[in-house]
Peer 1: 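Submitted below is the structure of interest, expressed as C-alpha cells.
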Amino acid sequence: MKIFDSSKKKLVEFSPINPPEVRIYVCGPTVYDDAHLGHARSAIAFDLLRRTLEAMEYKVVFMKNFTDIDDKIIKKLHQTNKTLEELTNYYINRYLEDMDALGVLRPTLEPRATQNLDIMEKMISSLLEKGIAYKTPKEDIYFDTSKDSKYCSLSKKCDEEGISRIEPDPYKRNSTDFALWKSCKEKDVCFSSSLGEGRPGWHIECSAMIYKHLAYKDTPYQIDIHAGGIDLFFPHHENESAQTRTACNQELAKYWMHNGFVTISGEKMSKSLGNSFFVKDALKVYDGEVLRFYLLSTHYRSDLNFNEEDLLTSKKRLDKLYRLKKRVYGVKASQVESNFKKALLEAMGEDLNISKTLAIIDNFISLANERLDKNPKDKKFKQQIVANLEFIEKLLGIGGKDAYSYFQIGVDEELKRKIEELISKREEAKKRKDFTLADRIREELRSLGIKVMDTPQGTLWEKI
RNA sequence: GGCGCCAUAGCCAAGUGGCUAAGGCAGGAGCCUGCAAAGCUCUGAUCCCCGGUUCGAAUCCGGGUGGCGCCUCCA
C-alpha cells in the first residue's frame with residue numbers, strides 16, 4: 001500500500017507501527033452548524049482509506065473527534081436559548097445522520113473535547129512545568145513555538161517574517177505561538193481547572209485525546225495515520241504535532257494525509273465565503289449514495305469542483321452498476337473473483353487511485369453484461385458477479401441497496417400503483433399490436449419521470 | 001510578503017521518462033427492438049505557451065500565462 005504523505009510530500013510505502021493493527025485519527029467537525037459537502041468529502045475520503053485497509057485485512061482503529069467547544073459554538077449559543085450540550089448534541093446527531101446517509105462507516109471512537117478536559121489540563125500543566133508553555137498577564141496560556149526545535153518541520157509553511165493578517169495578541173512571544181488555554185472572558189463558556197477558569201484552545205484537544213484514547217505509548221510515533229482537510233495542515237496539525245512532541249516525547253503520527261477541497265465555481269467552499277452547500281440540502285435532491293459516489297469519484301487529494309452536471313454523470317455511472325445487479329437479482333454469491341479483487345486492491349493501494357479502481361469496475365460490468373447477453377442462464381457466472389458486487393460494496397460502500405428499490409427512490413406507493421397500472425395497460429396494447437396507444441402510454445410514463453424497458457422478462461421501469 | 005498546488009479530448013478524469021495517452025458522460029455509426037430504453041460493438045485528444053535536458057517527455061529542469069489554496073476559524 002502506497003500513500004501520499006503530505007509532510008514528506010511524496011508517495012511512501014505504508015508500513016504500520018504494529019501490524020496488522022492500524023490506528024487512524026481524522027480531525028472531525030466543529031459542531032456549530034450542519035455538515036457541508038466539504039465535511040462529507042473528507043469523511044468519505046478517509047472512509048475509503050479505512051475500507052481499503054480493512055479489505056487488505058488490516059485491523060483498523062478509526063477515531064474521529066467532535067470539537068464541541070470553540071468561539072463559533074459560543075457565538076451560536078448566544079443566538080439561541082440552548083445550553084452548550086443541547087446545541088452540540090443536536091449538531092453531532094445531525095452530522096452522524098448525514099454521514100450515515102452517505103454510507104460513511106461510524107468511527108471506532110468518537111471522543112468529544114468537553115469530555116476530555118482532564119487530559120488536556122494534564123498536558124498543558126506538563127508543558128507549563130517544562131517551560132514550553134507560558135501564561136500571559138491575561139491568564140491565557142500559550143505554547144512557545146520557539147521552544148520546539150522541530151516546529152514547522154511538518155508543514156514547512158511557517159512564515160518567519162510574518163506579515164500577519166490579523167492583529168496579534170501583544171502578549172505572544174512569537175507570532176506562531178498559539179493558545180492552549182483561553183481564560184474566561186465576558187460572554188464565555190468556562191470550565192474550572194487548575195489552569196484557572198477558562199476553556200481549551202482548539203489544537204490541544206486532538207493531541208490530548210489521541211494520547212488518551214488512541215496512542216501507542218512506547219513507540220516513536222503515537223499513531224499510524226493522522227488525516228484531515230488540507231486547510232488543517234497549517235497551523236492546526238503543525239501545532240498538534242508540536243504539542244505532542246514536546247509533551248510526550250513522541251511524534252504524533254507516522255503518516256499525514258490531507259484531502260483536497262470541494263469548490264464551487266472554482267472557489268473553496270467555506271462558511272466564511274458563504275458558498276457552503278449543506279449535505280442535508282443536497283440529500284433533499286439526490287440520493288445519499290449518488291452523492292457519495294460523486295464525491296469519491298475524484299481522487300481525494302484533488303479539488304473537486306461541485307456541479308450538478310457532473311453529479312448526474314456520476315449517477316449514470318452508478319446506475320450501470322445497479323442494472324447489472326438487477327440482472328443477477330436473487331442469486332446467491334459464490335467467491336469473489338481473485339484477479340478482480342487483486343486488481344481493485346492494487347489500484348486502491350496506489351494512494352487510493354479511485355479512477356483506476358472505477359475503470360476496473362466499469363470493465364467488469366461491461367464484460368459481465370456481454371457474457372450475460374450471450375448466456376443469460378449461466379448460474380455459476382451469476383454467482384460470481386454477485387460476489388464481485390459484494391466486494392465492491394465492501395470496498396467502496398456503493399451498490400449495497402436492493403437493485404430494484406434503487407431505481408424507485410423517490411417514488412411513493414401511489415405513484416407506484418399508477419405506474420404499474422399504466423404498464424399493464426401498455427402490455428395489453430402491445431399484445432393487440434396497438435403501438436400507437438403503447439407509445440402514448442410510454443410518453444405518459446416519461447412525463448411522470450419514469451422510463452420503461454421491455455425485456456424478455458417483461459417490462460421494467462426506472463425513475464429517471 | 002512567505003509557502004504551496006493545479007492546467008490532459010465538448011465535460012469529468014487516470015497516466016509523472018519509452019508499447020497504438022485508461023475509464024466515464026455527451027456525440028456519431030451499428031447489433032438488438034414493433035419502435036424505444038437497457039445492454040453490447042466500433043468511433044475522438046499529442047497532453048496551456050516558450051526554451052532546455054535526453055536516443056526518447058504529457059511525464060524531468062528553467063521561464064511565462066491562467067486558475068486556486070494556506071499563512072485568521074475552516075474538512
Peer 1: Regarding A:K374, tell me which of base, sugar-phosphate or nothing describes its non-hydrogen contacts under 4.0 Å with the strands shown.
Peer 2: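 Touches nothing.
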
Peer 1: Would a distance-only check, ignoring hydrogens and angles, find a side-chain to backbone donor-acceptor pair under 3.5 Å from A:N116 to A:R112?
Peer 2: yes

Peer 1: May I ask you to check whether A:Y134 and A:Y171 place their ring centers less than 6.0 Å from one another?
Peer 2: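 Distance test on ring centres: not under 6.0 Å, no.
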
Peer 1: List the protein contact pattern of nucleotides 5-10 of chain B with one symbol per nucleotide (5' to 3'): B for base contact, S for sugar-phosphate-only contact, - for none; contact means a heavy-atom distance under 4.0 Å.
Peer 2: ------

Peer 1: Any base atoms under 4.0 Å from A:V262, or only sugar-phosphate, or nothing? Heavy atoms, all strands.
Peer 2: base

Peer 1: Between A:Y294 and A:H36, name the one whose nearest nucleotide on RNA chain B is closer to the 5' end.
Peer 2: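 That would be A:Y294.
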
Peer 1: Looking for any heavy atom pair under 4.0 Å, which part of the strands does A:H258 touch: base, sugar-phosphate only, or nothing?
Peer 2: nothing

Peer 1: Not counting sequence neighbours, list each pair that qualifies as a side-chain hydrogen bond (donor to acceptor under 3.5 Å, both in side chains) and has a residue in residues 443-452 of chain A.
Peer 2: none

Peer 1: Classify the nucleic acid contact of A:S297 as base, sugar-phosphate or nothing, counting any heavy atom under 4.0 Å across all strands shown.
Peer 2: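 Nothing, no heavy atom under 4.0 Å.
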
Peer 1: Quick check on the 6.0 Å ring-centre criterion: do A:Y255 and A:F14 meet it?
Peer 2: yes

Peer 1: Using a cut-off of 6.0 Å, state whether more than 12 heavy atoms not belonging to A:K379 lie near its atom NZ.
Peer 2: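 Open.
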
Peer 1: Any side-chain N or O of A:R327 under 4.0 Å from OP1/OP2 of B:G39?
Peer 2: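 No.
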
Peer 1: Would you classify A:D310 as touching base, sugar-phosphate or nothing, given that sugar-phosphate means primed atoms plus P, OP1 and OP2, and contacts are heavy atoms under 4.0 Å?
Peer 2: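 Sugar-phosphate only.
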
Peer 1: Quick one: which of B:A14, B:G23, B:A75 gets closest to the side chain of A:K356?
Peer 2: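 Side chain of A:K356 sits closest to B:A14.
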
Peer 1: State, without any angle test, whether A:E240 and A:H226 hold a side-chain donor-acceptor pair at a distance under 3.5 Å.
Peer 2: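 Yes, a side-chain donor-acceptor pair sits under 3.5 Å.
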
Peer 1: May I ask which nucleotide in the shown strands pairs with B:C70, Watson-Crick or G-U wobble, both distances under 3.5 Å?
Peer 2: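 When the pairing criteria are applied, B:G2 turns out to be the nucleotide that pairs with B:C70.
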
Peer 1: Which atom names give the shortest non-hydrogen contact between A:K463 and A:G410, and what distance separates them?
Peer 2: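 Reported closest heavy-atom pair: CE-O, 4.0 Å.
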
Peer 1: Please report the distance separating the C1' of B:C60 from the corresponding atom of B:C42, rounded so that it comes out in whole Å.
Peer 2: 38 Å

Peer 1: Under a plain distance cut-off of 3.5 Å, with no hydrogens placed, do A:H258 and A:H237 share a side-chain donor-acceptor pair?
Peer 2: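 Note: A:H237 and A:H258 side chains meet the donor-acceptor criterion.
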
Peer 1: Any residue in residues 360-370 of chain A with a heavy atom nearer than 4.0 angstrom to RNA chain B? Just list them by number, or reply none.
Peer 2: A:D362, A:S366, A:N369, A:E370

Peer 1: When you measure from the centre of the six-membered ring of A:F191, is the NZ or CZ of A:R199 under 6.0 Å away and within 45° of the axis?
Peer 2: no

Peer 1: Between B:C47 and B:A58, how far apart are the C1' atoms? Round to whole Å, please.
Peer 2: 4 Å

Peer 1: Determine whether a donor-acceptor pair (N or O, by modelled atom type, separation under 3.5 Å) exists between the side chain of A:D188 and the backbone of A:C190.
Peer 2: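 A pair under 3.5 Å: no.
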
Peer 1: Taking atom types as modelled, find out whether A:R327 and A:N369 have a side-chain donor-acceptor pair closer than 3.5 angstrom.
Peer 2: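 Yes.
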
Peer 1: Please pick, from B:A14, B:G24, B:G69, the nucleotide with the shortest atom-to-atom distance to any side-chain atom of A:S355.
Peer 2: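 Of all the options, the side chain of A:S355 is nearest to B:A14.
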
Peer 1: How would you label the contact of A:K451 with the nucleic acid (heavy atoms, under 4.0 Å): base, sugar-phosphate, or nothing?
Peer 2: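 If one applies the 4.0 Å heavy-atom cut-off, A:K451 turns out to touch the sugar-phosphate alone, with no base involved.
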
Peer 1: Please pick, from B:A38, B:G69, B:C40, the nucleotide with the shortest atom-to-atom distance to any side-chain atom of A:R323.
Peer 2: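 Between B:A38, B:G69, B:C40, the one nearest the side chain of A:R323 would be B:A38.
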
Peer 1: For residues 453-464 of chain A, which residues have at least one heavy atom under 4.0 Å from RNA chain B?
Peer 2: A:M453, A:D454

Peer 1: Base, sugar-phosphate, or nothing: which does A:R426 touch, judged by heavy atoms less than 4.0 Å apart?
Peer 2: base

Peer 1: Between B:G56 and B:A45, how many Å separate the two P atoms, rounded to a whole number?
Peer 2: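 About 25 Å, rounded to a whole number of Å.
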
Peer 1: Whom does B:G30 pair with, Watson-Crick or G-U wobble, provided both distances fall under 3.5 Å?
Peer 2: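 Per the H-bond distance test, B:C40.
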
Peer 1: Need the pair for B:C55. Rule: Watson-Crick or G-U wobble, both distances under 3.5 Å, any strand; none if unpaired.
Peer 2: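 For B:C55, the partner nucleotide comes out as B:G18, under the 3.5 Å rule.
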
Peer 1: Output all residues satisfying side chain to side chain donor-acceptor pair (under 3.5 Å) with A:N275, sequence neighbours left out; order by chain, then residue number.
Peer 2: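 Applying side chain to side chain donor-acceptor pair (under 3.5 Å) to A:N275 gives none.
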
Peer 1: Want to settle it: does A:N305 or A:D70 sit nearer the 5' end of RNA chain B, counting the closest nucleotide to each?
Peer 2: A:N305

Peer 1: Base, sugar-phosphate, or nothing: which does A:G38 touch, judged by heavy atoms less than 4.0 Å apart?
Peer 2: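 Since a base atom lies under 4.0 Å of A:G38, the category is base.
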
Peer 1: Answer with base, sugar-phosphate or nothing: what part of the nucleic acid does A:K316 contact at a heavy-atom distance below 4.0 Å?
Peer 2: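 Here A:K316 touches the backbone only, sparing every base.
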
Peer 1: What I'd like to find out is whether the side chain of A:L252 reaches to under 4.5 Å of the side chain of A:R245, using heavy atoms alone.
Peer 2: no

Peer 1: Hey, is the side chain of A:K315 poking within less than 4.0 Å of OP1 or OP2 on B:C25, counting only N and O atoms?
Peer 2: no

Peer 1: Within the 4.0 Å heavy-atom criterion, would you say A:F435 contacts the bases, only the backbone, or no part of the nucleic acid?
Peer 2: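 The answer is base, as A:F435 lies within the cut-off (heavy atoms under 4.0 Å) of a base atom.
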
Peer 1: When both hydrogen-bonding distances must be under 3.5 Å and the geometry is Watson-Crick or G-U wobble, what is B:G62 paired with, if anything?
Peer 2: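 Its partner is B:C50.
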
Peer 1: For the residue pair A:R41 and A:F261, would you count it as a cation-pi contact if the rule is NZ or CZ under 6.0 angstrom from the ring centre and within 45 degrees of the ring axis?
Peer 2: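 Negative - A:R41 is either too far from the ring of A:F261 or too far off its axis.
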
Peer 1: Within residues 274-285 of chain A, find the residues that approach RNA chain B with a heavy atom at under 4.0 Å, and present them sorted by residue number.
Peer 2: none

Peer 1: Starting at CG of A:L291, measure out to CG of A:L37 and round the result to the nearest 0.5 Å.
Peer 2: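 Rounded to the nearest 0.5 Å, the CG-CG separation comes to 6.0 Å.
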
Peer 1: Counting only N and O atoms by type, is there a donor-acceptor contact under 3.5 Å from the side chain of A:K325 to the main-chain atoms of A:K401?
Peer 2: yes

Peer 1: Using atom P in both nucleotides, what's the gap between B:U20 and B:C25 to the nearest angstrom?
Peer 2: 26 Å

Peer 1: Mind checking A:F233 for me? I need base, sugar-phosphate or nothing, with any heavy atom below 4.0 Å counting as a touch.
Peer 2: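 Counting heavy atoms under 4.0 Å across all strands, no contact is made by A:F233.
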
Peer 1: Would you classify A:K430 as touching base, sugar-phosphate or nothing, given that sugar-phosphate means primed atoms plus P, OP1 and OP2, and contacts are heavy atoms under 4.0 Å?
Peer 2: base

